[in-house]
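Inspection log for the structure reproduced underneath, given as C-alpha cells.
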Amino acid sequence: MNKKIELAAKNATLEKADIIKILETDEYDECLFKTADAVRKAKKGDVVHIRGIIEFSNICKQNCKYCGIRKDNCSVERYRLSLSEITDFAAHANEKGFKTIVLQSGEDGFFSTEKLVEIIKNIKAMGLALTLSIGEKTTEEYRAYKNAGADRYLLRIETTDKNLYKTLHPNMSFENRMRCLRDLKTLGYETGTGILVGLPGQTAESIANDILFFKELDADMIGLGPFIPAQNTPLEKDAGGTLNQALKVMALTRLLLQDVNIPATTAMETLHPQGRIMALNSGANVIMPNVTEGDYKKKYLLYPGKASVNTSREQTFDETKKMIESIGRTVGTTAGFRYD
Ligand code: 5AD
C-alpha cells in the first residue's frame, strides 16, 4: 500500500478500494502524511495563505442536525453585524496584512442581494480578494454576487451519501446543494467544498466517494473538519470524529487534487492544540483565522470549544504568522488563488 501511496503522488489517482483500506487502518498513516506533505511542497511551495473570516450573522433558517447555530437551537444569542461593522472589520484586517476576506454567516434572509452587493463592492474596493460562505442561493443571486466582484465561494457538500445527507438536513435537498456547487463552478467562482468527518452513520466507503466527488467537481478548495457534537442539537450525545481521521481525509485529498487550496481548519485545532500545525504538515497550505471582533465570536459557535474565540483581532495576524514561521513556512503576500 505504501508503494501505491507513493505512486499516487505521481499520478494523482487511487482506486476507491485503496482509499477505503487506507481509511480503515492506521497502518499507512505515516507514509500518507509524509507523502501528502511532499505533494503540497512540490505543487504549492512553502507559502501559507492567511484568510480572515468575518462571521457576520449567526441567524439561520436551516436546521442541520449537527450545527450549533441551527434554527431550532433557542439557547443561541443571535446577532447580525451592520453593514458598516462588516466593512470596518474588513478594513482593519486589510491593514493588518490579510489579502483575503471570507464572509460567513448562517442562511439569513435579512441580507438581501442588494445589501450583499453593497458589502461585496465595499470590500472589493479595498483591493482584497473576497470569499463568500453564506449557503444555498439561487443561480441569479450567485450571479449578482459574482458580478459585484466576489471571487470565491465555500459550500461544503457535508456528505455525498444521499441517505445520510437527508437524515442530517431536514427540509433540504441534496440535489439543490449539487445544483449550487455546479452553478458556482459555471459562474467562474473559485469553488470550495468539503465534508464533515466522523458523522454518525458515515462509512469509509462514503468518505471515499466524497473524495472522488471533489475530483469530479474539480473543486478549487477543500475544507474538511471532524464532526464535533454540539450542545442543544439532535446529535449532542453522538460520538464525534477524530482529528487523525480528518487529517487522513485531508492528506488523501491532497494526493488526488494536488494543486488545490486546503485549509488547516479551526475544527482540527479544537480537538488538539497543535491541530492546525499537524494539518499544515500533512497537506494543508491555507489558514483561516477569525477576524470578527470579540463578543460576536463567542456567539458563532458551530460546535463547542471552537478554537481562538479568545484571541483579539489585534493579535490574530501576527500570531498566525508566528505559527507559520515556526514550522519553516512563509506567509503568502498574494491573494493565493489556485492558479496563482
Ligand atoms: N462540528 C464540526 N463542524 C461543523 N460545522 C457545522 N457544525 C459543525 C459541528 N458540529 C461545519 C459545517 C459547515 C461549516 C461552516 O461548519 O461543515 O459547512
Side-chain angles (χ1 to χ4, degrees), residues 51 53-73 75-76 102-108 131-137 152-161 164-165 167-170 172 174 176-178 180-181 184 191-202 206-207 210 213-214 219 221-243 245-247 249-250 253 262-272 275-276 279 286 288-290 292 297 299-309:
R51 333 272 204 208
I53 303 197
I54 301 175
E55 296 160 337
F56 66 93
S57 165
N58 69 354
I59 297 173
C60 192
K61 66 174 184 196
Q62 303 292 11
N63 248 327
C64 309
K65 286 191 183 159
Y66 45 79
C67 185
I69 62 165
R70 67 199 299 272
K71 178 172 126 207
D72 286 354
N73 186 353
S75 60
V76 176
V102 182
L103 290 179
Q104 188 172 87
S105 70
E107 292 197 12
D108 179 359
T131 307
L132 299 174
S133 175
I134 58 178
E136 295 183 14
K137 304 284 176 181
R152 313 186 181 113
Y153 205 104
L154 306 178
L155 185 76
R156 289 186 180 172
I157 190 74
E158 315 293 1
T159 171
T160 59
D161 179 326
L164 183 57
Y165 187 92
T167 315
L168 294 172
H169 304 98
M172 289 171 74
F174 182 75
N176 192 51
R177 206 158 184 89
M178 283 291 189
C180 289
L181 286 168
L184 292 165
T191 304
T193 192
I195 59 160
L196 286 166
V197 178
L199 289 164
Q202 189 181 42
S206 112
I207 295 176
D210 297 337
F213 164 73
F214 303 155
M221 306 173 280
I222 308 290
L224 305 157
F227 156 61
I228 302 171
Q231 287 120 28
N232 304 305
T233 65
L235 305 185
E236 67 181 346
K237 299 224 155 60
D238 281 87
T242 65
L243 173 61
Q245 193 70 350
L247 290 172
V249 179
M250 193 197 73
T253 301
I262 301 182
T265 57
T266 313
M268 291 173 169
E269 184 95 345
T270 300
L271 292 191
H272 190 291
R276 280 187 285 195
V286 169
M288 299 165 65
N290 194 330
T292 319
K297 269 192 201 175
K299 298 178 186 161
Y300 200 90
L301 287 189
L302 303 171
Y303 44 82
K306 209 171 132 200
S308 84
V309 286

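Each ligand, and each atom within it, is numbered from 1 in the order the structure gives.
Short contacts between ligand 1 and Leu196, defined as distances under 4.0 Å to a heavy atom of the residue, involve ligand atoms 2 (C), 3 (N), 4 (C), 17 (O). Atoms of ligand 1 lying under 4.0 Å from at least one heavy atom of Arg156, given by number and element, are 11 (C), 12 (C), 17 (O), 18 (O). Below 4.0 Å from some heavy atom of Glu158 lie the following atoms of ligand 1, by number and element: 12 (C), 13 (C), 17 (O), 18 (O). The distance from ligand 1 to the heavy atoms of Tyr303 drops below 4.0 Å at these ligand atoms: 1 (N), 2 (C), 3 (N), 4 (C), 8 (C), 9 (C), 10 (N).
Note that CG of Asp238 is 6.0 Å distant from CZ of Phe227, once rounded to the nearest 0.5 Å. In this structure, Asp108 CG and Cys60 SG are separated by 8.5 Å, a value rounded to the nearest 0.5 Å. Between atom CG of residue Leu154 and atom CG of residue Leu132 there is a gap of 8.5 Å, rounded to the nearest 0.5 Å.
Screening Thr160, Asp210, Thr253, Ile222 for a side chain to side chain contact (heavy atoms under 4.5 Å, CB included) with Ile195, the sole residue that qualifies is Asp210.
Of the protein's non-hydrogen atoms, Tyr66 CD1, 3.3 Å is the one closest to atom 7 (N) of ligand 1.
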For this session: May I have the step-by-step check of side chain to side chain contact (heavy atoms under 4.5 Å, CB included) for Thr266 and Met288, ending in yes or no?
Result: CA-CA 8 Å; Thr266 313; Met288 299 165 65; 5.9 Å; no
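The proximity of Leu302 to ligand 1, defined as any non-hydrogen pair under 4.0 Å, involves the side chain as well as the backbone. Under 4.0 angstrom from ligand 1, there are no non-hydrogen atoms of Cys64.
Distances from atom 2 (C) of ligand 1 to the heavy atoms of Ser105, Pro226, Pro304, Gly225 show the closest one on Pro226. Counting heavy atoms only, Ile228 comes closest to atom 1 (N) of ligand 1 of the residues Leu199, Ile69, Ile228.
Of all heavy-atom pairs spanning Ala279 and Ala264, the tightest one is CB-CB, 3.5 Å.
Counted by atom type alone, Asn290 and Glu55 present one or more donor-acceptor pairs between their side chains at under 3.5 Å.
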